[in-house]
Amino acid sequence: MRRLAKRLSRVFASDPQADRVVPPSGFTAQLTLFAAGAMAFLAVFALALSLASGRLAARWGDELGRSATIRIAAPADQQQAQTEAALRILETTRGVQSARAFTSEEQAALLAPWFGTELSLDALPVPQLIEVIETSGGMDPAGLRLRLAAEVPGAVLDDHSRWRAPLVKAASRLRFLGWTAIVLIGAVMAAMVTLAAHAALAANAQVIRVLRLVGATDDYIAQAFIRRFTLRALSGASAGMVLGMLAVLLMPRGGDETASFLTGLGFQGWHWILPLVLPLLAAVVAFIATRLAARRTLEELS
């Protein structure tokens with residue numbers, strides 16, 4: 001790491017004489033700038049996706065992990081009595097922080113996306129729902145099911161474990177895919193910079209031979225190419241990072257109706273600092289790729 005930092009400091013040190021070795025413009029310059037900018041732009045979105053997926057998995061795991069639902073499907077003349085019996089059982093159940101029965105309006109709102117807002121619960125045999133909030137220690141769902149089966153035959157406990165785990169797993173995999181995309185983006189940028197460096201070195205083969213004749217060492221020639229391509233990657237990645245952050249900032253946010261199950265694709269709090277690291281990483285990738293390409297090409301031209 002110290003050697004890499006020392007070499008990078010040499011790259012950023014100004015050397016006008018060495019800069020003349022590498023053409024300041026041309027196809028390779030445009031390719032390096034475009035590749036670094038495009039990859040940084042995509043990396044910002046991959047990073048935002050990964051962080052948003054992590055927040056989503058944490059929120060689902062926390063919210064759904066501490067909640068459960070009891071569904072009471074009983075004849076209309078027994079539903080109220082069984083609901084009250086279930087609430088009495090929950091009051092004495094260890095690990096239950098609070099429990100309440102959904103009102104008719106709340107249950108109608110839950111069914112509105114499928115049946116519309118004009119639905120009358122009296123027209124359908126809709127079960128009564130009871131929301132259960134657990135303490136941090138949690139409750140014993142198996143024991144609660146036994147008590148409900150004995151005293152409230154129409155009650156069914158759903159602790160959300162059947163569909164909570166797949167949701168959290170899917171969000172976690174999406175986060176992993178985001179980080180994988182960032183690694184692949186870095187690899188593609190390294191390949192593009194390597195191709196550009198090879199092309200620039202090959203195009204300047206005659207200049208390199210002349211420099212060798214006047215006493216220039218391979219390290220001096222390689223350093224000139226490394227410096228130019230590293231600075232190009234840093235400039236392009238900085239521009240792509242700024243554009244990516246602006247695009248993420250301008251993305252529409254979910255409204256109140258979606259806030260319960262959507263997490264905005266963006267950065268929150270100190271996470272806004274993370275994209276600032278991308279140009280530096282692009283510079284390191286360009287430095288390593290150009291250094292390897294320069295060594296290989298200079299050996300071939302020997």
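Everything numeric here is computed off the predicted structure, so don't read it as measured data.
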Check: [Y] and [X] side chains under 4.5 Å, non-hydrogen atoms:
X: Val156; Y: Ile70; answer: no
X: Ile89; Y: Leu144; answer: yes
X: Gln79; Y: Thr83; answer: yes
X: Ser98; Y: Glu131; answer: no
X: Arg296; Y: His198; answer: yes
X: Leu90; Y: Arg147; answer: no
X: Ile72; Y: Ile130; answer: yes
X: Ile288; Y: Val284; answer: yes

Original post:
Could Arg100 and Phe102 be counted as a cation-pi pair, given that NZ or CZ must be under 6.0 Å from the ring centre and within 45° of the axis?
Top reply: yes
Subject >> Nearest heavy-atom neighbours spanning Leu234 and Leu280 >> reply: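 That closest heavy-atom pairing would be CD1-N, 4.3 Å.
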**OP:** Classify the angle between the aromatic ring planes of Phe45 and Phe41 as parallel (below 30°), tilted (30 to 60°) or perpendicular (above 60°).
**Re:** tilted
Original post:
Do you know which of Leu51, Leu49, Val44 makes side-chain contact (heavy atoms from CB on, under 4.5 Å) with Leu47?
Top reply: Leu51
Anything under 3.5 Å between a donor and an acceptor, one on a side chain of residues 175-196, the other on a protein residue two or more places apart or in another chain? List them.
| from | atom 1 | to | atom 2 | distance (Å) |
| --- | --- | --- | --- | --- |
| Trp179 | NE1 | Ser50 | OG | 2.6 |
| Thr180 | OG1 | Phe176 | O | 2.8 |
| Thr194 | OG1 | Ala190 | O | 2.7 |

